[in-house]
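Just so it is clear: chains get the letters A, B, ... in the order the sequence lines come, proteins before strands, and each one is counted from 1. Heavy-atom basis, side chains included; hydrogens, waters and symmetry copies ignored. As the structure is a prediction and not an experimental result, all values here were calculated from the model.
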2 protein chains.
Amino acid sequence: MDVNIDMCQNGSMSNVKALPLLEPEAPEAVVPCCPPLTERPLTADEAEKTARMFKALGDPVRLRLFSLVASHEGGEACVCDISDVGVSQPTVSHHLKKLREAGLLTSERRGTWVYYRVEPSVVAAMGQMLGTLD
Amino acid sequence: MDVNIDMCQNGSMSNVKALPLLEPEAPEAVVPCCPPLTERPLTADEAEKTARMFKALGDPVRLRLFSLVASHEGGEACVCDISDVGVSQPTVSHHLKKLREAGLLTSERRGTWVYYRVEPSVVAAMGQMLGTLD
DNA sequence: TCGGTGCATCGACATTCGTCGATACAAGAC
DNA sequence: GTCTTGTATCGACGAATGTCGATGCACCGA
């Protein structure tokens with residue numbers, strides 16, 4: 001089970017080159033998806049894509065991890081800063097991977113530590129579907 | 001409105017008697033939940049509650065059903081109007097129940113048919129959690 | 001009263017998911 | 001080099017989830 005690469009908007013320019021290790025596959029770019037949910041019914045394809053983003057926030061541990069990153073000073077957080085959510089370290093890592101694969105977080109290794117930050121455009125897209133951001 | 005919705009995690013089964021009609025749980029209790037995800041880390045309890053709403057939209061079929069109701073003329077839709085999403089009738093019913101339990105939809109029987117409509121405050125609350133990211 | 005239609009529930013099944021300990025890998029300190 | 005710390009992956013397990021056909025209940029028309 002892997003993520004398939006979706007080209008679109010993978011910031012070809014300002015993107016920091018990741019070190020050779022992490023991020024073997026690009027977190028798919030999910031941004032340009034769908035209109036507000038009230039505008040028209042979603043197609044099956046649109047629903048499939050979008051559901052992945054909502055599902056990523058549909059777990060309590062992931063939601064806490066996400067809000068820990070989102071609310072962390074500087075807009076980013078080292079894993080060590082946020083790993084106290086009551087589950088084991090492998091589980092934290094697993095959930096962070098899910099959030100990355102859904103496009104909600106990005107990660108970058110700097111020295112010993114790995115820093116996560118929110119991908120604002122994806123979150124904005126979700127908000128827009130719910131109708132509050134227009 | 002007096003019933004509460006607060007079925008926490010254990011109530012997957014018989015928290016509701018099959019009474020003469022639908023609408024076992026009241027909408028309305030999920031609203032005053034949480035601040036924007038960027039404001040501060042969610043507590044475990046907040047995350048538990050909120051994750052249920054996101055999880056409800058985390059399935060492609062449910063997302064389509066939701067958008068079918070949300071975009072339907074008049075703000076509501078009979079089940080018969082939206083049940084063509086490629087799964088069986090019991091499955092549609094099951095998903096609509098999940099959306100009801102999450103507080104995202106309400107239902108009302110009128111004669112032969114059952115009508116679903118979006119609970120706007122709950123959806124607004126979700127949007128608000130995502131909305132102020134920048 | 002009876003038959004038909006719309007929707008919900010039940011019971012069963014396969015698949016996915018969340019979790020863990022064990023282990024592997026990366027980087028820095030020594 | 002070796003040791004230690006931070007993070008990811010692996011393999012396994014039980015629990016939850018999505019799906020279906022069969023069935024039950026509510027309503028309405030004849």
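For the OP1/OP2 pair of dA8(C) and a distance below 4.0 Å, the side-chain nitrogens and oxygens of Tyr116(B) include at least one atom meeting the criterion. Between dC7(C) and Lys97(B), no contact under 4.0 Å exists linking OP1 or OP2 to a side-chain N or O. Applying the 4.0 Å criterion to OP1 and OP2 of dT19(C), one finds that Ser88(A) has every side-chain N and O outside that range. Neither OP1 nor OP2 of dT7(D) sits under 4.0 Å from any side-chain N or O of Ser93(A).
Heavy-atom nearest nucleotides on DNA chain D were determined for His95(B) and for Pro90(B), and the one closer to the 5' end corresponds to His95(B). Checking Gln89(A) against Lys55(A), the closest nucleotide of DNA chain C that is more toward the 5' end is the one next to Lys55(A). Residues Thr112(A) and Gly58(B) each lie close to DNA chain D; by heavy-atom proximity, the contact nearer the 5' end of the strand is made by Thr112(A).
Note: CD (Glu101(B)) to C1' (dA8(C)) measures 12 Å, nearest angstrom. Distance Leu99(A) CG to dA8(D) P: 12 Å, rounded to the nearest Å. Distance CZ (Arg52(B)) to P (dG18(C)): 15 Å, rounded to an integer number of Å. Atom pair Asp84(B):CG and dG6(C):C1' shows a separation of 16 Å (rounding to whole Å applied). Here the C1' atom of nucleotide dA16(D) and the CG atom of Asp59(A) are 12 Å apart, to the nearest Å. Across the protein-nucleic acid pair, Arg109(B) atom CZ and dC7(C) atom P stand 8 Å apart, rounded to whole Å. Spacing between atom NE2 of His94(A) and atom P of dA8(D) amounts to 13 Å, rounded to whole angstrom units. Following rounding to the nearest Å, Leu65(B) (CG) and dA8(C) (P) show an atom-to-atom distance of 11 Å.
Listed nucleotides: dT19(C), dT9(C), dG18(D). Nearest to the side chain of Lys98(B): dG18(D). Ranking dA8(D), dC7(C), dG21(C) by closeness to the Arg100(A) side chain, first place goes to dA8(D). For Val114(B), whose side chain is taken as the heavy atoms from C-beta onward, the closest listed nucleotide among dT9(C), dC20(C), dC7(C) is dC7(C).
A salt bridge links Glu46(A) to Arg40(A): one of the charged nitrogens lies within less than 4.0 Å of a carboxylate oxygen.
Relative to the six-membered ring of Tyr115(B), Arg110(B) meets both conditions, a distance below 6.0 Å and an angle of at most 45° to the axis.
The cluster map of Ile, Leu, Val, Met, Phe, Trp and Tyr, joined by side-chain heavy atoms under 4.5 Å apart, puts Val87(B) and Ile82(B) in the same cluster.
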Could you check Met53(B) against Val123(B) for side-chain contact (heavy atoms from CB on, under 4.5 Å), going step by step and ending with a plain yes or no?
-> CA-CA 9 Å; Met53(B) 309 190 302; Val123(B) 179; over 6 Å; no

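If you check every strand for non-hydrogen atoms under 4.0 Å, Val92(B) touches nothing. Residue contacts for Arg110(B): at a heavy-atom cut-off of 4.0 Å it reaches no nucleic acid atom on any strand shown. Nucleic acid contact for Tyr115(A): none, since no nucleic acid atom lies under 4.0 Å from a heavy atom of the residue.
Of the inter-residue distances, the one linking Glu119(A) atom CD with Arg100(A) atom CZ reads 13.5 Å to the nearest 0.5 angstrom. In this structure, CE on Met129(A) lies 9.5 Å from CZ on Phe66(B), to the nearest 0.5 angstrom.
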